[in-house]
A.B. asks: 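Got a structure for you, questions after.
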Amino acid sequence: MPEGPQMYYLKEQLDMLVGQTLKSAGGDAPDIPFDKLSGAMLTEIRTFGKELLFCFESFTLRVHLMLFGKYAVNDTLPRKLRLGLEFEEDDVNFYASSCKYIGGRPDNHYHWPSDLMNPAFDAAEAVNRLVKKPGALICDALLNQDILAGAGNKIKNEILHIRRVHPRSRVGEIPPSRLRELVDEAVRLSFRYLEWQRAGEENDWKIYKRKECSRDGTTVTKEEIGGRSCYFCERCQELFGEG
Ligand SMILES: [Zn+2]
């Protein structure tokens, strides 16, 4: 599943659509009034976590690629079209995605301080929200999109390793200063991830899908925790609480 930085990068690839008028829209996404959309001008593209937001003057179209979403720019794929947007000069088509119509501007629907890549991101608020879930495992809490919108499984595994916290640690047992380190690292890594994409470089993961810990060479442990894969090092990641 794409994480926040991948969606931000996609937004950058689509920014040429801003200022263009929608000629037609179609697809099988439910509850989108396709016949009422043409003639609207795209004023902005934004992201909120893993969501891509096409902002028009009086409505917003939200796209989430989910697990298997695909898209094509000025091209089509041999799949069932979920949402296709044909502008004056360019078009974009989404498949196997979750697409929604939102009346009005996105400011009424999104809490920007939760979005890791937004200038309004509030690290102190994120720590406060984590602290309110003392019984949660940190590996689950970091994926909570109400707390860290945009964080996905790769970012989660990497920041726990970089900041030496075991994924089975209970949030309430981790000192708030260490939670703050994790939150700050999530922001830093998100922008690094974006830079890798802009440069067309391979992601330089230190623990995710690796066989050995990049720090000490210990064999990486892979475990399903909370339904998601955790990659971690038993030697250099500290377990807070009983786990
Ligand atoms: Zn290690």
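Remember, it's 1-based here, ligands and their atoms both numbered in the order they're listed. Computation of the quantities below employed the complete heavy-atom set of this structure, encompassing side-chain atoms and omitting hydrogens, waters and symmetry-equivalent molecules.
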A.B. asks: Would a line drawn from the ring center of W205 to the ring center of Y193 be shorter than 6.0 Å?
C.D. replies: yes
A.B. asks: How are the rings of Y208 and Y231 set relative to one another: parallel (under 30°), tilted (30 to 60°) or perpendicular (over 60°)?
C.D. replies: perpendicular
A.B. asks: Got a sec, which residues hit salt bridge (charged side-chain N to carboxylate O under 4.0 Å, His left out) with R198, two or more places apart in sequence or on another chain?
C.D. replies: E12, E195
A.B. asks: Would you call R129 and D146 a salt bridge, taking side-chain N to carboxylate O under 4.0 Å as the test?
C.D. replies: no
A.B. asks: Report yes if the side chains of Y8 and Q197 come closer than 4.5 Å at any heavy-atom pair, otherwise no.
C.D. replies: no
A.B. asks: Going by chain and residue number, what protein N/O/S atoms come nearer than 2.8 Å to the Zn ion (ligand 1)?
C.D. replies: C213 SG, D216 OD1, D216 OD2, C233 SG, C236 SG
A.B. asks: Nearest 0.5 Å, what's the CZ-CD distance between R163 and E158?
C.D. replies: 13.0 Å
